[in-house]
Enquirer: 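Right, I'll just put the structure down here and ask away after.
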Amino acid sequence: MDIIFDFVLNHFKVIELIVFWYPITMGLLWVVGGIIYYFRIERKEPLPLPSTPMVSVLVPAYNESDNLVDVVQHLNELNYPNYEILIINDGSKDDTAKYATALANKYERVRFVDLQENCGKANALYLGYLASKGEYLVCVDGDSYLDKDCLRYLMSHFLNPHNGERVGAVTGNPRVRNRSSLFAKIQLCEYASIISLIKRTQRIWGKVMTVSGVVVAYRKAALMDCGLWDRDMITEDIGVTWKLERNFWDIRYEPNALCWMLVPETLKGLVKQRKRWAQGGQEVIMRHAGIFKSWRRKRMYPIYIEQVMSTLWVVLWLLLTLTEIFKLCFGIGSYMPYLWKSQYLSVICMVQFIVALKLEKRYDKTIFKYMLVAAWYPIVYWIISGLVALAAIPSTIKSRTINLARWNSPDRGIGTDTQKLVVAVTESGTNDETDGIVIPDRKTSEDESPIIDGKQVLWKRIIEIVFTCAAWAFILVYFAYCIYGYGCLVLGKTPISIWIYNTEMLMETKRLLFVTLIILLVEIVFMIFWKEYNRIRFGRLNRRKFMPDVTTEQVAEFFDLPESTVSGMQELKILTLTRNGIPDDFKAERKFFLSEKTEANRKTDRNTNKKQL
C-alpha cells in the first residue's frame, strides 16, 4: 500500500509541476518572441506594392441582417483599386438574402451568392472560391470591419519579390469593437496579449499554425494545392492552416492589417465560442498526427506538441483543482502553497499583458485603459477553458461521423443594439426579391470610430469594479511583500508575517524567481538562434516560383464542372445555388452536390486528401 501511495504521490507532483511551469514557460516564450518579432519585423515599413492584382473579398453570412449592410458599406471604401465583394448567404433564416440582394444591386463591385441551405461556413467559402474572380481571396466575417489599408498590408506579403512566392496565407490583426461588458474587455486584452503574441512568436518559429478566420488572405493557387477547406471541421480556419503548412506553404502574420470585430458578451455566448475553438484544436490533433511520419515536416513538430500540451494542461489543471478542493473539504493539506504560487503566476501573467499591450498600443491608442480587467483573465478564463475543453472532447469524437459542420447564430454582443443600421423600406415593395429595401448612402465623419464603448448596467459595473480591485489588491500586496521581504533578508532582518505571507513562502518565491530567470535566458538564446537559423536555412529558399493565376479551366477541373459553367458563375451579379446543384440556366452536365455526402464518398474524399498531402 505504501508503494502505491508513493507512486500516486510522485505522479501527482509531476502534474503539479506541469500545471505550474507550463504557463510560465509558454508565457515567457511568447513575450520573448513578441519582442524579437517587433524589432526584427514589425517596426519595419512594408514594401510598396509593385502591382494590385484582383482580390475577391468573401463575406460568408448566416443570420447577419443586423450587421451586413454596414459591413459591406465599409468594405466598399477600402483603399485598394482592384477588388470585388462576394456576399455568401448560407441559408440564413432572417432577411440576410434580401439585404444582400439590395447591396448587390446598389454597388458595382458587390456580388451575391445565395445558398438555399445552411451547410456551414467552410462550405460557404468552398463555393465562394468557385464563384470568385480574384487571384487572391480575403475572408471576412459578416460582422467585421476592415481597416481601409488592410488589403494593401495583406497583399504586400504575397507580392514581396524576395520570398512572396512561398506565401500561401496571411492572417490579419483582429481588434475587439464592442467594449461594453466585462467579458468583452477581457477578450480585448486576450486578443492583444495572448493571441497576437502567439502569432508573433510562431512567426519567429517559422510556422504560424492558426490564421484568424475573421480576417485572412489566401493565395488561390495555394488553396487549390491543399484541397481547399475541410467542410467537416468546426473551425475551418485552423484546419486549412494545417493543410497549407503540410504542403509547405508559408503563413504570415500582419499586425497592421486591422479588422474590427464583435465578440460574445454573455457567458453562454462565450462558452459556445470557446467550445468550438477547443473542438477545432482537438480535431486538428486527431487529423494531423501523421506529420510525424515525414521528417520533411519536422518544423511542424513543436507546434503540434504545443497544441497537445495546451489541451493536456487544461485537463491536468482542472484535475489538480478538483483534487485540492476535495482535500480541503476533508481537512487534508493546506491551500497556502497553491494560493502563493497562483499569485506568482498572476504576476507573470500581468507582465505578459503589459508587454503585449505596449506592442499593441500603436494600433489601439486607448487599449491600456482596459488593462485593469486583465486581472480577471487567470481567474475566469482558466476555469472556463478547463470545463469547455473537457466538454468539447465528446463533440470532437462525434465530429468524425459528421459530413458537414454547420454553424448557428453567434452571440454578437449586448453592446451592439444601438449600432444597428436603419434601412429604409418602401411602402409599395418595389422589388419582389428585396421587399422594397432601399440601402441609404453611408454617412462618414472624420472622427468616426468602429469602437462600441457603451454604458454597462449599474449592478454589473459595481461587481466588476469590486472584484477587479480585489484581484489587483492580491497581486500588489504579494508584489510589495516580496520586495519588502527581500529587503529585510538583505539587511539581516526577519520580515513580519502577515496573513498567509511568511519567510518560508518568501524563500519559495526566491527559488521560483531564480528558475524563471534561467528559463527566460534559455528562451532568449534559443529564439535568437532559431530566428537566425530559419533566416539562413529557409529565408532565401525558393521552393516554388511565382505561380501563374489559377485559370477557369483549372477551377472547372477541380470542381468537376464544365468550363462554361464556372465562367458563367464568376460573371453573374446574383447567383443562387440550390441544395441539389447549380442553376439549370448553365446547362451543367453534372450537378454540383451541396448536401451531405454518403459515407463512401466521404471516405473517398479523405483518401484523396491524404494522397494530395
Side-chain angles (χ1 to χ4, degrees), residues 26 120-123 125-126 129 137 139 157 166-172 174 195 198-254 276-312 389 392-393 395-397 399-400 402-405 534 538 543-544 602 605-613:
M26 297 308 300
K121 182 179 179 181
N123 186 73
L125 294 174
Y126 197 94
Y129 182 103
L137 305 181
C139 302
H157 290 268
R166 297 189 287 114
V167 178
V170 182
T171 181
I195 297 176
I198 291 176
K199 285 183 170 57
R200 286 180 171 92
T201 303
Q202 289 184 346
R203 182 70 189 94
I204 297 299
W205 285 349
K207 292 292 182 182
V208 177
M209 297 310 299
T210 304
V211 299
S212 297
V214 65
V215 52
V216 55
Y218 298 103
R219 186 189 299 273
K220 215 169 182 180
L223 284 174
M224 181 176 290
D225 183 49
C226 74
L228 276 63
W229 297 269
D230 288 324
R231 292 180 286 175
D232 60 343
M233 289 189 69
I234 195 68
T235 49
E236 87 296 333
D237 47 0
I238 301 177
V240 77
T241 305
W242 281 72
K243 291 175 69 174
L244 287 168
E245 292 283 13
R246 288 188 66 161
N247 278 32
F248 304 105
W249 288 96
D250 277 1
I251 310 295
R252 300 289 174 81
Y253 172 59
E254 179 48 69
R276 183 171 63 86
W277 288 7
Q279 181 180 336
Q282 293 168 10
E283 288 177 348
V284 163
I285 291 174
M286 297 175 65
R287 186 161 298 186
H288 294 280
I291 62 172
F292 293 98
K293 297 178 181 179
S294 172
W295 180 245
R296 295 179 62 201
R297 298 187 176 93
K298 57 184 177 297
R299 295 174 73 200
M300 296 180 67
Y301 295 174
I303 307 295
Y304 186 95
I305 294 172
E306 194 275 331
Q307 185 76 42
V308 173
M309 284 298 300
S310 62
T311 303
L312 177 63
I393 294 176
S395 300
T396 303
I397 298 173
S399 67
R400 297 177 64 84
I402 297 177
N403 298 307
L404 292 174
N534 280 331
F538 302 104
R543 285 201 176 95
R544 46 175 69 87
R602 186 170 65 87
D605 283 354
R606 285 190 176 179
N607 292 334
T608 302
N609 287 337
K610 288 181 180 179
K611 291 179 180 179
Q612 291 175 348
L613 296 175

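Here, residue 1 is the first one in the sequence, and each next residue gets the next number. Computed over heavy atoms, backbone and side chain alike; hydrogens, waters and symmetry mates excluded.
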Enquirer: Might you point out which heavy atoms bring V170 and H157 nearest each other, and give the distance in Å?
Expert: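 So the minimum-distance heavy-atom pair works out to CG2-CB, 3.6 Å.
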Enquirer: Could you check whether any side-chain N or O of Y304 sits under 3.5 Å from a backbone N or O of I285, counting only pairs where one atom can act as donor and the other as acceptor?
Expert: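 Flag set: sc Y304 to bb I285 pair under 3.5 Å.
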Enquirer: Just so I know, are the side chains of L223 and V240 near enough to count as touching, which here means a heavy-atom distance under 4.5 Å?
Expert: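 Of all side-chain heavy-atom pairs linking V240 with L223, at least one is under 4.5 Å.
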Enquirer: Rounded at 0.5 Å granularity, tell me how far NZ in K220 sits from CG in L137.
Expert: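 Those atoms lie 5.5 Å apart.
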Enquirer: Tell me, with the steps shown, if V215 and C139 meet side-chain contact (heavy atoms from CB on, under 4.5 Å).
Expert: CA-CA 6 Å; V215 52; C139 302; over 6 Å; no
Enquirer: May I ask you to test the M26-M309 pair for a side-chain heavy-atom distance under 4.5 Å?
Expert: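 Side chain of M26 against side chain of M309, heavy atoms only: no contact under 4.5 Å found.
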Enquirer: Indicate yes or no for a side-chain donor-acceptor contact from R219 to the backbone of V167 under 3.5 Å, with no hydrogens or angles considered.
Expert: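 Yes: the side chain of R219 pairs with the backbone of V167.
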Enquirer: For the CD1 atom of I251 and the CZ atom of R203, what is their distance to the nearest 0.5 Å?
Expert: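 CZ of R203 is found 10.0 Å from CD1 of I251.
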Enquirer: Quick check: closest heavy atoms across A169 and V211, and the distance to 0.1 Å?
Expert: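 The answer is CB-CG1, 4.5 Å.
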Enquirer: Please report the shortest heavy-atom distance between C226 and L244, naming the atom on each side.
Expert: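 Nearest heavy atoms, C226 then L244: SG-CD2, 3.7 Å.
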Enquirer: Is it the case that the side chain of S212 and the backbone of P174 share a donor-acceptor pair, with hydrogens and angles ignored and the cut-off at 3.5 Å?
Expert: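 No.
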Enquirer: To the nearest 0.5 Å, what is the distance between OH on Y253 and OG1 on T210?
Expert: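 Here the interatomic distance stands at 13.0 Å.
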Enquirer: Within the 4.5 Å heavy-atom criterion, are P302 and K207 side-chain neighbours or not?
Expert: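 No, their side chains stay 4.5 Å or more apart.
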Enquirer: For a 4.5 angstrom cut-off between non-hydrogen side-chain atoms, does M209 reach Q307?
Expert: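 Sidechains of Q307 and M209: no contact.
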Enquirer: Which pair of non-hydrogen atoms, one from L125 and one from W229, has the smallest distance, and what is that distance?
Expert: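 Of all heavy-atom pairs spanning L125 and W229, the closest is O-CZ3, 3.3 Å.
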Enquirer: In the structure I gave you, are the side-chain heavy atoms of R252 and T171 within less than 4.5 Å of one another anywhere?
Expert: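 Counting from C-beta outward, R252 and T171 never come under 4.5 Å.
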Enquirer: From H288 NE2 over to W242 CH2, what is the distance, rounded to the nearest 0.5 angstrom?
Expert: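 Separation between the atoms: 7.0 Å.
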Enquirer: Let me see the working for Y129 and M224 under side-chain contact (heavy atoms from CB on, under 4.5 Å), right down to the final yes or no.
Expert: CA-CA 9 Å; Y129 182 103; M224 181 176 290; 3.3 Å; yes
Enquirer: To the nearest 0.5 Å, what is the distance between NZ (K243) and CG (D225)?
Expert: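 Between K243 NZ and D225 CG, I get 10.5 Å after rounding to 0.5 Å.
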Enquirer: Looking only at non-hydrogen atoms, find the nearest pair between I303 and W205 and report the distance.
Expert: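 In this case the closest contact between I303 and W205 is CD1-CE3, 3.0 Å.
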Enquirer: So, W249 versus Y218, ring centres under 6.0 angstrom or not?
Expert: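 That pair fails the under 6.0 Å test.
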Enquirer: Rounded at 0.5 Å granularity, tell me how far CD1 in I238 sits from CG in D230.
Expert: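 Between atom CD1 of I238 and atom CG of D230 there are 12.0 Å.
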